[in-house]
Amino acid sequence: MNGVIAVDGPSASGKSTVSRRVAAELGWLYVDSGSFYRGVTWKLLREGVPADDSARILQVLRGLNMALFLHEGAVEFEIDGVRPGADLRAPAVRERVSPVSAIPEVRAFVTARLRETARFGPIVMEGRDIGSVVFPDALFKFYLDASAEERAKRRHGDLLARREQAEVGRVLESLQSRDRRDSTRATAPLKVAPGAQVIDSTALSVEEVVRRIVTAVRGVGGKG
Ligand code: DC
C-alpha cells in the first residue's frame, strides 16, 4: 500500500494541521478519519438513539449511506444525502464520539469506508488506528505525540479561536480522559503501530514536523 501515509496520535497532537500540509505539499489527498466517527455520532444524535441502545445503533448503521466525494484536496462524505459540515465539531458530538467509536460494529463500518477513500488517489490519513488496523501495510507510518500540557495549550487556543469558552485545566482533564478511553478500549486502541516513526512535537514547529514527514516520504519513494 504505497499510496498511503498514516498519521496517528492522541488528541491535539497536531495531526490535522500537519496532515493537511503534508498532503498539500505532496499533492496527495487528505482524509480526516475522526470526522467519519463524528459523522456516525452526528447521525445517531439526529435519530435520537440513546448511547446504550446497541440494537438501535446497529439498526441505524445498517441503513446508513455514507457516500464519499472529493472536496478541496480532501476525501469527505455525506450521510444519507446530507453534509454535516460544522455540526461535526458541535459539543454534543464531541462528548459522544469517543464511546461511539469504541463500538466494534461502528469501527468495522467506518474502517470499510476509510479503506474505500484510497480509490480517489494517494492519501494522507490521520487518526488513531490507521497504521495499525485501517492500512497496516502502509509504507509510511507516523505517530505524532506531544506532552499532555502542550496538547491542552494547543486545544485551548483552537477553542478560543472558535470563540468557545474554555479553561486550560478543564481542557487538559478532558483530553486526558479521552486519551485514556481511546487507548484502553478493546477494539483498535490508540497505539504506536509496528513500523511507525514516532515524532514528539512538543518542542517542534508545524513546519519542522511537516518537513520531517515529507523528507522521509520523498527519501523512500522518490514521490511527490
Ligand atoms: O480526531 P478526532 O478528535 O476528530 O476523533 C474523534 C474521536 O474518534 C476520538 O475520540 C477518537 C476516535 N477516532 C478513532 O477511534 N479512530 C480513528 N481512526 C479516528 C478517531
Side-chain angles (χ1 to χ4, degrees), residues 1 4-20 22-23 30-45 51 57 61 66 68 74-77 79 84-118 123-136 138 141-146 148 151-152 154-159 161-162 164 166 171-193 196 201:
M1 182 56 65
V4 175
I5 299 174
V7 182
D8 290 305
S11 302
S13 55
K15 300 187 301 289
S16 304
T17 312
V18 164
S19 301
R20 276 182 195 284
V22 168
Y30 166 70
V31 187
D32 171 7
S33 69
S35 73
F36 284 57
Y37 287 99
R38 289 170 183 266
V40 171
T41 306
W42 168 84
K43 182 68 179 176
L44 293 172
L45 286 168
I57 292 175
L61 269 186
M66 197 173 215
L68 306 178
V75 185
E76 296 185 0
F77 58 84
I79 294 185
D87 286 356
L88 294 178
R89 300 271 147 201
V93 171
R94 188 191 311 145
E95 277 155 31
R96 245 331 255 281
V97 64
S98 188
V100 167
S101 70
I103 301 170
E105 289 83 0
V106 170
R107 299 207 71 81
F109 177 90
V110 169
T111 296
R113 301 288 92 71
L114 292 174
R115 288 183 180 144
E116 255 179 60
T117 63
I123 52 175
V124 182
M125 186 179 287
E126 60 145 310
R128 306 292 192 290
D129 64 338
I130 309 311
S132 55
V133 174
V134 182
F135 291 112
K141 297 183 190 179
F142 298 91
Y143 185 94
L144 285 196
D145 212 346
R151 291 186 292 117
R154 293 176 189 171
R155 175 57 51 86
H156 184 241
D158 292 346
L159 291 171
R162 288 209 301 269
E164 283 190 44
V171 174
L172 176 61
E173 271 172 36
S174 132
L175 269 185
Q176 285 176 319
S177 79
R178 199 133 76 92
D179 288 350
R180 223 173 359 254
R181 270 199 309 264
D182 292 341
S183 47
T184 55
R185 68 178 174 228
T187 313
L190 168 68
K191 63 173 183 194
V192 180
S201 73

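When a residue number appears, it is its place in the shown sequence, counting from 1. Counting convention: from 1, in listed order, for ligands and their atoms alike. These figures come from a predicted structure and were not determined experimentally.
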Passes side-chain contact (heavy atoms from CB on, under 4.5 Å), R107 versus Y37? Steps please. CA-CA 8 Å; R107 299 207 71 81; Y37 287 99; 3.1 Å; yes

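- Considering each of R89, R178, R155, R96, the one bringing a non-hydrogen atom nearest atom 10 (O) of ligand 1 is R178.
- At the shortest separation from atom 18 (N) of ligand 1 among protein heavy atoms lies D129 OD1, 2.9 Å.
- Nearest protein heavy-atom contact of atom 19 (C) of ligand 1 is S33 OG, 3.3 Å.
- In this structure, OG1 on T41 lies 12.5 Å from CG on D87, to the nearest 0.5 angstrom.
- Here the rule is side-chain contact (heavy atoms from CB on, under 4.5 Å) with V40, and of V106, V93, L45, I57 only V106 fits it.
- With salt bridges taken as basic N to acidic carboxylate O contacts below 4.0 Å, none links D158 and R94.
- Between the NZ atom of K43 and the CE atom of M66 there is a distance of 11.0 Å, given to the nearest 0.5 Å.
- Residue S98 approaches ligand 1 through these ligand atoms, each under 4.0 Å from one of its heavy atoms: 10 (O).
- Under 4.0 Å from ligand 1, the heavy atoms of R38 that appear belong solely to its side chain.
- At least one side-chain heavy atom of M125 sits less than 4.5 Å from a side-chain heavy atom of F135.
- When hydrogens are left out, the protein atom nearest atom 16 (N) of ligand 1 is R107 NH2, 3.0 Å; that is the closest non-hydrogen contact.
- The contact set between ligand 1 and G127, taken as ligand atoms under 4.0 Å from a residue heavy atom, comprises 18 (N), 19 (C).
- Using a 4.0 angstrom heavy-atom cutoff, R185 counts as in contact with ligand 1.
- Contact of the P10 side chain with the D145 side chain is registered, since non-hydrogen atoms from C-beta on lie closer than 4.5 Å.
- Contact atoms of ligand 1 toward V97: 6 (C), 7 (C), 8 (O) (distance under 4.0 Å to a heavy atom of the residue).
- Here D32 contributes atom CG and K15 contributes atom NZ; the two are 8.5 Å apart, rounded to the nearest 0.5 Å.
- Contact annotation: for I130 versus ligand 1, heavy atoms closer than 4.0 Å belong to the side chain alone.
- Close contacts between ligand 1 and G34 involve ligand atoms 4 (O), 5 (O), 19 (C), 20 (C) [criterion: under 4.0 Å to a heavy atom].
- Two residues are said to be in side-chain contact when any heavy atoms from C-beta on lie closer than 4.5 Å; V31 and F36 meet this criterion.
- Protein heavy atom in closest approach to atom 11 (C) of ligand 1: D182 OD2, 3.4 Å.
- Of the listed residues (R128, E126, K15), the one carrying the non-hydrogen atom nearest atom 1 (O) of ligand 1 is R128.
- Atom 12 (C) of ligand 1 has S101 OG, 3.6 Å as its closest protein atom, hydrogens excluded (heavy atom only).
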